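Okay, handing you the structure first.
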There are 2 protein chains.
Amino acid sequence: MISSKDVAKRAGVSQPTVSRVLNNPESVKPEKRNKVLQAMEELGYYPNLIARSLVTNSTRTIALISGTLKNGFFAETTDSIIHIAKQKGYKTIVYFEDENEDEITDYWDSIMGHKVDGILLSLIRLDDPNLKKLVNSQIPCVFFNRRPRNESNFVVLDNVMAASLLTQHLLDLGHQRIAYISGKTDVSTFNERKLGFEETMQQSKIKQIPELIHFINTSNDEIDQLIPKLIHRAEPPTAIICATDAMALICIDIVMSMGLRIPEDISIAGIDDTRMASHQAFQLTTVGHQKLAMGEIAALNLIEMIEESSAQEPLRQIILKPELVIRKTTAHLVK
Amino acid sequence: MISSKDVAKRAGVSQPTVSRVLNNPESVKPEKRNKVLQAMEELGYYPNLIARSLVTNSTRTIALISGTLKNGFFAETTDSIIHIAKQKGYKTIVYFEDENEDEITDYWDSIMGHKVDGILLSLIRLDDPNLKKLVNSQIPCVFFNRRPRNESNFVVLDNVMAASLLTQHLLDLGHQRIAYISGKTDVSTFNERKLGFEETMQQSKIKQIPELIHFINTSNDEIDQLIPKLIHRAEPPTAIICATDAMALICIDIVMSMGLRIPEDISIAGIDDTRMASHQAFQLTTVGHQKLAMGEIAALNLIEMIEESSAQEPLRQIILKPELVIRKTTAHLVK
DNA sequence: CTGAAAGCGCTAACAT
DNA sequence: ATGTTAGCGCTTTCAG
């Protein structure tokens, strides 16, 4: 491996001078500087960032701990986070949710050991046993989409309102037997969306039907099983609210394969307003927010925190205002 | 920052003993070992992987340089690559294609400087000026999906055959005015798929119509502009072959928004067999391959290479056999 | 403006 | 079995 020592030797200067050419070029006489640059070129030298990190105590690296890419929402946030990070001069190490084990425990040694400059974290539960370690670590951290119960920096949608808007929309369309399908409520997102749904249903004085309300794994399998059961009920739901667009797309897949038409036979809606929701093949009614993407906002805030080295200072808590996007998968109840 | 020195002091041992407890626990007497482990626990110690890398010359990190996540194909490969890597004990640093600048130049310093153990690379052109540097670097490298013209390790689809199968399928359905929409042919994938299309058309003795054949940017904008032009021709195509599923989905979006029915008014097909292709809302006819996903194969091979430290040895060149998946977006030409 | 010397936190060789 | 010493490649004093 070619080191700054090799470059120094070839250029006939001392090793620290090579370092200076890299970090503070003006501080070295043009003549020598050019010699050094030439030597670098000739040897194909790349400064060892590992070694640099060891002394500067900064890795220019952030860790992203995200939900699965199978969910379009996380594909979009991951995309924008990595782009923003790169633009600001940071590398991104990515960790994804594991089907089996949705704890961050597994990644912890890697993240802590790698001395990342900051952490962007979606994979957290409301009362997460790992949170304490995270706080102790003193590493700047921003949650996005999901957040823990305790104080923290986060960027989330106003999920209560999001679910509420959607529920009200369906009620306005005359639906009463509304199914609600969601992930487990030990994460903030699903917990809050559930609250929004329940509140709005209660206000409308329409009785909720417990058999139509399910909190399950968000992967295909469980949804695959659930939907047919709902549809085959004596009194099937006339509308299904899915707590995420990703679930809604799976839901649509199954409903269509059962030969039902959307929205003529059944209305379906999601939350997140992912890219795919606006596709003509879906035209999914959903709730999202305009402005910058959530990942972008989270990344920008994290990087600000890193560069001001204000890990704690004023808490950054950003709640994005949701907006109902009515498309073609929801319609008036005819009957 | 808590270092092994601190742990050593607290446990009343020398610093290297702490290191031994980490790397070779059996070599240290149980009594001392437990003292050390306890001290680690109490102090909340995490070994500094950066420092370790500097001396072991191994980062347990691979770099993934991928096409954009907006393309479902790359979302799927990224997902499986990161999972496989994690499973094998490797972290993944991710770099994505930049809209503006599709060269890896930008990432180069970061990748080379970070001394990754291996590189998984899709973002390469047939004659890529960066290739030489890559080879010089001696870092194990596997290309997937795309490959350079020169000798290298790669995992790709037999793209000529893939396009050929699809073209033949449409010819068999009676189509003659077939449009072909693809990315630029300076990347192997698009170049080979083009060859497959052309060969098959020539064999059938049906004349290709140059105005229906386009090599453009794969992002929405250019496709958005192109499709209406094609549709509004005096003699519009009766079928459109898109060189990727991602392009096909965009294409379908536009065609549907123009009020055409698929496949009654126009047949559309893609290549890659991405997850979304099988969704009931699309039922896209496409070409893919069964067995393990491409990303998985590439990652497994790369890691093997790393662990055998056989950067060059026998070249690993894996060409996956394509399989035509006929769904519902292609149909017999009526009229 | 530049060289010499020290040290980041760890592992590896060498003693004991 | 364990402590001592050296050194990975870099940045950072400190002299001069």
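Every heavy atom of this structure was used, including side-chain atoms; hydrogens, water molecules and symmetry mates were not. Everything quoted here is computed from the prediction, not taken from an experiment.
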### Nearest-nucleotide comparison on DNA chain D, the residue closer to the 5′ end among B/V55 and B/T17
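Looking at the nearest nucleotide for each, B/T17 comes out on the 5' side.
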### Message
Using whole Å, what does the distance between atom P of nucleotide C/dT11 and atom CD1 of B/I50 come to?
### Response
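Rounding to the nearest Å, CD1 of B/I50 and P of C/dT11 are 13 Å apart.
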### Task
Report yes if some heavy atom in the side chain of A/L69 is under 4.5 Å from a heavy atom in the side chain of A/T78; otherwise report no.
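In contact.
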### Query
Side chain of A/K29: nearest nucleotide among C/dT2, C/dA13, D/dC10?
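Of all the options, the side chain of A/K29 is nearest to C/dT2.
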### Message
In this structure, how many angstroms lie between the P atom of C/dA12 and the CD atom of B/Q15, rounded?
### Response
12 Å
### Query
To the nearest Å, how far apart are A/N34 CG and C/dC1 P?
14 Å
### Task
Name the residue closer to the 5' end of DNA chain C, choosing between B/S3 and A/E26 according to the nucleotide with the nearest heavy atom.
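Nearest nucleotide further toward 5': that of A/E26.
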### Query
Can you tell which of D/dG9, C/dG3, D/dC8 lies closest to the side chain of A/A51?
D/dG9
### Message
Heavy-atom nearest nucleotide on DNA chain D for B/P30 versus B/N57: which residue maps closer to 5'?
### Response
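Nearest-nucleotide comparison on DNA chain D picks B/P30.
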### Task
Please tell me which of the listed nucleotides, C/dT2, D/dG3, D/dG9, lies nearest to the side chain of A/L54?
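Closest of the options to the side chain of A/L54: D/dG9.
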### Query
So, is A/K5 close to the D/dG7 phosphate, meaning a side-chain N or O under 4.0 Å from OP1 or OP2?
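Answer no for this pair, as no side-chain N or O of A/K5 is under 4.0 Å from OP1 or OP2.
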### Query
Would you call A/V142 and A/F154 a side-chain contact if the rule is heavy atoms closer than 4.5 Å?
no
### Query
A/N48 has a side chain; which of D/dC10, D/dT13, D/dT11 sits nearest to it?
D/dC10
### Message
For B/E192, is there an ion pair with B/R147 - N to carboxylate O distance below 4.0 angstrom?
### Response
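A salt bridge links B/R147 with B/E192.
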### D/dG9 phosphate, OP1 or OP2, under 4.0 Å from A/S4 side-chain N/O
no
### Message
Can you tell whether the side chains of B/E97 and B/R125 come within less than 4.0 Å, N to carboxylate O?
### Response
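No.
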